[in-house]
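I have placed the structure first, in the form of structure tokens, so that the comments after it can refer back to it.
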Amino acid sequence: MCGIVGLFLKDRRLDSSLGSLLSDMLVTMSDRGPDSAGIAVYGKPTLGQIKVTVQSPQAEQDLRSLASDLEKAGLKSSVEIKNTHAVIDTTADLAMVRVFLASRYPQVRIMSAGESIEIYKEIGLPKSVVDRFGIRQVSGTHGIGHTRMATESAVTTLGAHPFSTGLDQCLVHNGSLSNHNNLRRELVREGIAFETENDTEVAAAYLTAEMAKGKNLREALAGALDDLDGFFTFVVGTKSGFGVLRDPIACKPAIMAETDSYVAFGSEYRVLVGLPDIERARVWEPEPATVYFWDHAAAA
Amino acid sequence: MSYVNPPTPPRKSATFDDATLAEIRRAAATGIYDIRGGGTKRKVPNFDDLLFLGASMSRYPLEGYREKCETNVVLGTRYAKKPIKLKIPITIAGMSFGSLSAPAKEALGRGATLAGTSTTTGDGGMTDEERVHSQTLVYQYLPSRYGMNPRDLRRADAIEVVIGQGAKPGGGGMLLGQKISDRVAEMRTLPKGIDQRSACRHPDWTGPDDLEIKIIELREITDWEKPIYVKVGGARPYYDTALAVKSGADVIVIDGMQGGTAATQDVFIEHVGLPTLACIRPAVKALQELGMHRKVQLIVSGGIRSGADVAKALALGADAVSIGTAALVALGDNDPQWEEEYRKLGTTAGAYDDWHEGKDPAGITTQDPLLAARLDPISGGRRLANYLAVMTLEAQTIARACGKSHLHNLEPEDICALTLEAAAMAQVPLAGTSWFPGKGTF
Amino acid sequence: MPTFDLSISSLRELNTALHQVEEGNNDIHFDILNPRGHHAVAVGIAAHLTVDIKGSVGYYCAGMNDGADIVIHGSAGPGVAENIMSGTVVVEGDASQYAGATGHGGLLVIRGNASSRCGISMKGLDIVVQGNIGHMSAFMAQAGNLVVLGNAGDALGDSIYEARLFVRGRVESLGSDCVEKEMRAEHHEIVADLLRRAGISNVDTAEFRRYGSARKLYNFHVDNADAY
């Protein structure tokens, strides 16, 4: 039902190539996911600023006055429109920005929020998604992409991955969960709001809820092995980190490559062939029910 | 003052009825689940709850004989170099050699060939008898891969990737030791006489994204000649159909819970999987939304019994139907001529379903050579061909009455429903109204 | 000596050429360049060809091979040599899941590691893995021999029928109805022969342990219900 790509750069000199490397990886996965595609990139954070990525079907029209409206509301921000998305860079309080958007721009959907993360996702072939958002030109420290073949829910923009349910957090998924409906109901009782019927959104919300309770990503992923049922390969992004988890049965594919310069993930080996120095990379398949995690902060 | 209680008739429970009580006792005695063949035996909403409208002041019928009602169908037009052309839109569903005797497979081949349609192999692989006697043969590609080989793949006319079947969506094949004869054992690479345990998932792919790659492999091996079918049991027909299309299927086969199996747990048959009627409109809707209706063909199976069932399935949007149980009955399964033997087995003609035991008096679901010899493949084939001819004529009669010169021109608007459930599932109005559940107001 | 460069030619052209080799026209050698993770490379061959694939392949390389000797100078994706009927397939690097799945005959050699479900449902082929194999290997393995010089993951031989498993390293855990069995003279011969055919020398067959079916699940008995 899906293709996943991920790239975590260890060598800062590769940051300016993040977008183009991820784009090529993503387009290779078009067969696995022709319905929609999405990509999360983690760029350099600016102290004191939060980025909110929003989406609107007619962004050019709808969001033309967004920057000035935000300013008038006392929420000083710059707005960069990219096709159907826009990135709001703001020093204002995030909660207030959310309230503002909900009341003044209700048709706009929030794709992501955080210091580093930007998420772009749309219906259509991966190549068109990559082109319309100028992903090739983006630079950053790590990123995750996903191509979707919808299984049990509709093909919509919101249904595309990555799902972001917390600051600088995102998740992509290949597989099919089997107890997500029950889990969603529990999370709703805990106060989490859902926007889709998608099983992946439940997995993302679960991890966010667990981390909000104090667990780190590694611990939250370990908990997922007990609480989530079904088939899954997850790739998760946080502000400085990148995680991979396969369920205990491990039928859905997963392949990784590591060099001194990067760690890469793909659903198929084809994804990795264009990466620099791949001939000498360590290439392996993640073990089932094992949490893998890389962190820039830890490496620093 | 004392009084005498008047006599009261004993009262049985609807919840703990006789069948339920017997089953609990059987479970307590044996410690094993009940295994049987066939499809669901309980009554579910089905084609009997639908009626055709026919001709009237605004619709004119076709004359019989002179004014043709065509019945042909082409399957596999999407990618295959050699699509399958059938004279009638009724095919013979997958049934294994192993679950059926060799003469039974031969009879099915002969009958289908006389009628101008196809048969399908089953979980044991392809026998020479079936390939020789069946003019058009669909080769099943199952989780077990018993007997799978490229030579048979290349001499097949189509390949059917089986994800599941209506009797047990999520269950693998089941063949008990009493039917694993020398020949069956050899074909399946199993020790003789053991109970076959079968996989329920394919060994080398899981999910439509990997199925897409598997289908490409199968096409490459067969040089893109053969149509590739994808068969699922009735579960999530809308999504399953969409995913089969996205995986690259040429044809989709959906099998409802009335569809038979040679053997599985009774609990699986009766409690998992949708009725056939509930599967058709969602599958057709998925095809239409993808712009693939009639381009990726839909075959519907599970309890198809007559030309009326054929016509109704086609009217709801299917391109063809497939029969399994009905074909066996035509050959002589559960025939009253063997009543004495059925009694000895503790059953009666029409109720015999312990096919896994291999003692079939009709010689069809058995590997016992003495019993199998009771079925003459030539007369069996003739009977099947007769039955197929009757179904076709019945469907044509109905279609002509609806003004159609081709069975494929039957539409949902030619039908109405007698019950709420059938109306909701088929999305056709209750007779005499313009309403069905889910649609506006009266 | 035909050469196909998959960065220029199509997969269809390659497989068509491999299928069009005439009977008796043996000793033809094919070179395949730049496979770069392509799927279904060299599938369905039915002639005694030799094929050198210079690079790593995707899914189902050499699927349903019947007679060819194929070498993959790289790693292989899921399902390498699936349903192989005869011939040899050698993977110089690692193999992903389902290596040799449902194969009926021939020999599959993996010089690196094989992943999970190696030899799943095998029906007669021989597999030799110089490295490790992953979990659920030899699941429902019906016939053939699996020889592993490294370690085996969890649930080895779950629900196994009559296939023979020989592991030199550590077995993480055994699957349902799979037990260790005695290594007799005939088993040492089987292992020695397979090692030789796989071009592996200086390995003592005494270091291997044999695993196979306890045959308790061959006929259903309620006391074994836990195993299902």
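These figures come from a predicted structure and were not determined experimentally. Side chains included, hydrogens not; waters and symmetry mates left out as well; all remaining heavy atoms used. First the proteins, then the strands, lettered A, B, ... as listed; each starts at 1.
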Chain A contact via B:Leu211 - side chain, backbone, both or neither, heavy atoms under 4.5 Å: neither

Within 6.0 angstrom of A:Glu279 CD, more than 12 heavy atoms from elsewhere: no

Interatomic spacing from CD1 in B:Ile213 to CG in A:Asp31 - rounded to 0.5 Å: 7.5 Å

From A:Glu268 atom CD to B:Asp210 atom CG, the distance as rounded to the nearest 0.5 Å: 7.5 Å

Under 3.5 Å: donor-acceptor pair, side chain of B:Lys246, backbone of A:Arg32: no

Flag if over 12 foreign heavy atoms under 6.0 Å of NZ, B:Lys82: no

Residues, nucleotides or ligands: over 12 heavy atoms within 6.0 Å of B:Arg236 CZ: no

Nearest heavy atoms of B:Gly207 and A:Lys252, plus distance in Å: CA-NZ, 3.8 Å

Test item: A:Arg148 and B:Asp209 side chains (from C-beta on) under 4.5 Å apart, heavy atoms: no

